[in-house]
Amino acid sequence: MATCSKNSKADADDEINDPGAAPYGNFINYYSFNPPENRLSLIPPALLRDLGYSDETTLILDVGCNSGELSVAFYKHLVPEEQSDRRKVHLLGFDLDETLVQRAQEINPLPSRITFIPLDITKDTNQLQDYFSQHGCSHFHLCLCLAVTMWVHLNHGDSGLLQLLSRLSSMSQHLLLEAQPWKCYRSAARRLRKLGRSDFDHFKTLKIQGDVADHAREHLERHCGMELIQSFGSTAWDRKLLLFRKT
């Protein structure tokens with residue numbers, strides 16, 4: 001039976017817990033160093049009402065939900081407990097990491113309102129269409145894409161990033177976007193090299209650099225029929241929270 005030394009076990013634990021060790025951003029304990037409050041403190045609790053969603057069925061999508069803590073906190077932030085029974089607000093969170101999704105399902109305190117599924121949106125959207133049918137809707141009213149764009153960009157290139165934005169805008173009335181700045185790309189690549197892993201497939205060939213959030217805004221407004229209607233400022237990690245609306 002193989003054994004490992006104490007030092008090698010510590011090195012393995014460090015690798016597992018290092019964000020760079022998960023090249024798709026699906027690292028564990030994410031919310032221990034970026035808690036939900038970092039974003040929620042910038043989002044008004046009355047956001048759904050402000051956007052015109054009050055009594056009708058309202059669908060929210062959380063892209064790359066990880067282990068679900070932010071999804072749950074976001075739902076509770078927008079739908080107070082005393083309103084949850086009479087307001088038909090449903091949230092669907094998905095992640096490509098099935099282990100994280102299972103954890104999200106296990107901690108989910110509102111299974112009748114919040115659903116978590118494993119899904120790679122770069123490959124398949126059939127489950128999202130099934131969700132629309134289940135709730136009698138044709139689109140999501142609000143899509144959350146928070147700290148996800150970089151991982152799609154690094155793994156699928158410029159075309160993958162633009163395709164993601166186009167796909168989300170095609171199925172959403174409003175899109176709340178938090179795109180990682182370019183310095184985060186350099187940090188993620190540096191961590192990966194430090195761990196002796198192969199570099200991200202597309203890092204050295206990306207043409208979209210600099211202010212990635214501005215590139216995303218330009219694509220959404222020029223090619224996706226969306227307009228920027230509000231900026232909620234920047235998070236503690238200097239990432240803009242931008243709200244877009246279908247024109």
Side-chain angles (χ1 to χ4, degrees), residues 39 43-66 68 70-79 83-84 86-96 101 104 108 110-149 152 156 159-179 213 216-232 241-247:
R39 282 107 169 195
I43 304 299
L47 178 62
L48 292 182
R49 186 191 65 196
D50 294 344
L51 296 180
Y53 306 129
S54 53
D55 297 326
E56 71 275 15
T57 297
T58 303
L59 301 186
I60 301 173
L61 179 67
D62 187 10
V63 179
C65 64
N66 197 272
L70 178 59
S71 305
V72 173
F74 198 93
Y75 186 96
K76 290 183 175 180
H77 183 69
L78 297 185
V79 187
Q83 299 181 17
S84 60
R86 60 183 175 84
R87 295 189 64 183
K88 300 176 182 178
V89 180
H90 298 273
L91 185 148
L92 175 66
F94 71 82
D95 200 282
L96 53 69
V101 171
N108 185 4
L110 299 168
S112 65
R113 299 293 185 179
I114 301 175
T115 304
F116 294 107
I117 61 172
L119 176 70
D120 183 349
I121 195 172
T122 65
K123 298 178 179 179
D124 181 29
T125 59
N126 288 336
Q127 291 185 76
L128 302 184
Q129 298 299 324
D130 292 343
Y131 192 77
F132 293 150
S133 299
Q134 178 185 346
H135 294 284
C137 294
S138 60
H139 61 272
F140 290 101
H141 300 85
L142 175 62
C143 174
L144 314 176
C145 185
L146 307 176
V148 172
T149 53
V152 174
H156 298 280
S159 61
L161 171 63
L162 300 180
Q163 183 181 52
L164 172 71
L165 295 171
S166 296
R167 184 165 288 179
L168 295 180
S169 65
S170 71
M171 62 180 66
S172 306
Q173 183 65 29
H174 290 87
L175 171 62
L176 182 61
L177 181 69
E178 175 194 355
R217 178 197 58 76
E218 181 179 2
H219 179 74
L220 288 168
E221 292 189 335
R222 284 191 177 186
H223 304 288
C224 301
M226 302 201 89
E227 62 177 344
L228 177 65
I229 60 172
Q230 191 165 359
S231 172
F232 294 109
L241 281 178
L242 303 176
L243 182 64
F244 295 86
R245 176 179 61 196
K246 184 86 72 176
T247 56

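In this text, all values refer to a predicted model and were calculated from it rather than measured experimentally. Any value given below was found using the heavy atoms of this structure, including those in side chains, with hydrogens, waters and symmetry copies removed.
At least one side-chain heavy atom of L243 sits less than 4.5 Å from a side-chain heavy atom of L51. In this structure, the side chains of C65 and F116 come closer than 4.5 Å at one or more pairs of heavy atoms. When side chains are defined from C-beta on, L176 does not count as touching C145, because their heavy atoms never get closer than 4.5 Å. Considering only heavy atoms from C-beta on, L48 stays 4.5 Å or farther from D50 through its side chain. When side chains are defined from C-beta on, I114 counts as touching V72, because their heavy atoms get closer than 4.5 Å. The shortest distance between side-chain heavy atoms of L168 and I121 falls below 4.5 Å. Residues L241 and I43 form a side-chain contact, since some pair of their non-hydrogen atoms from C-beta on lies under 4.5 Å apart.
What you find for M226 and S169 is that their closest heavy atoms are SD-CB, 3.3 Å. Across all their heavy atoms, G160 and V152 have their closest contact at O-CG1, 3.7 Å. Residues V148 and G64 share a closest heavy-atom pair of CG2-CA, 4.2 Å.
For R245, the side-chain contact (heavy atoms from CB on, under 4.5 Å) test picks out Q173, H174, E227, I229, with sequence neighbours left out. With sequence neighbours left out, the ring pair (Phe, Tyr, Trp, His ring centres under 6.0 Å) criterion links H135 to H90, Y131.
The OG atom of S172 sits 12.5 Å away from the CZ atom of F244 when rounded to the nearest 0.5 Å. Here the OG1-CG distance, from T122 to L164, works out to 8.5 Å after rounding to the nearest 0.5 Å. Taking CG of L165 as the reference point, atom CG of L177 lies at 6.5 Å (rounded to 0.5 Å). Of the inter-residue distances, the one linking Y53 atom OH with L47 atom CG reads 9.5 Å to the nearest 0.5 angstrom. The CG atom of L128 sits 14.0 Å away from the NE2 atom of H139 when rounded to the nearest 0.5 Å. Considering SG of C137 and CD of E56, their distance stands at 9.0 Å, rounded to 0.5 Å.
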With side chain to side chain contact (heavy atoms under 4.5 Å, CB included) as the criterion, how do R167 and T125 come out once you've worked through the C-alpha distance, each side chain's angles and the decisive distance to 0.1 Å? CA-CA 9 Å; R167 184 165 288 179; T125 59; 3.5 Å; yes

Could you walk me through whether S166 and H219 satisfy the side-chain hydrogen bond (donor to acceptor under 3.5 Å, both in side chains) test, starting with their C-alpha distance in whole Å, then the side-chain angles of each, then the deciding distance to 0.1 Å, before giving a yes or no? CA-CA 8 Å; S166 296; H219 179 74; 2.9 Å; yes

Quick one: do L119 and D95 satisfy side chain to side chain contact (heavy atoms under 4.5 Å, CB included)? Show the steps, please. CA-CA 6 Å; L119 176 70; D95 200 282; over 6 Å; no

Audit row: L142, L175, side chain to side chain contact (heavy atoms under 4.5 Å, CB included) steps and yes/no: CA-CA 6 Å; L142 175 62; L175 171 62; over 6 Å; no

Test side chain to side chain contact (heavy atoms under 4.5 Å, CB included) on F140 and L92; report intermediate values, then the result. CA-CA 10 Å; F140 290 101; L92 175 66; 4.1 Å; yes

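Environment of NZ in K76: sparse, with no more than 12 heavy atoms of neighbouring residues, nucleotides or ligands closer than 6.0 Å.
Proximity of a side-chain donor or acceptor of T115 to a complementary backbone N or O of P111 within less than 3.5 Å is not detected. Checking side-chain atoms of Y75 against main-chain N and O of V89 turns up a donor-acceptor pair under 3.5 Å. Looking at H141, its side chain does come within 3.5 Å of a backbone N or O of L59 through a donor-acceptor pair. With hydrogens and angles ignored, the 3.5 Å screen pairs no side-chain donor or acceptor of N66 with any backbone N or O of G68.
R39 and E178 are joined by a salt bridge, as a carboxylate oxygen and a charged side-chain nitrogen come within less than 4.0 angstrom of each other.
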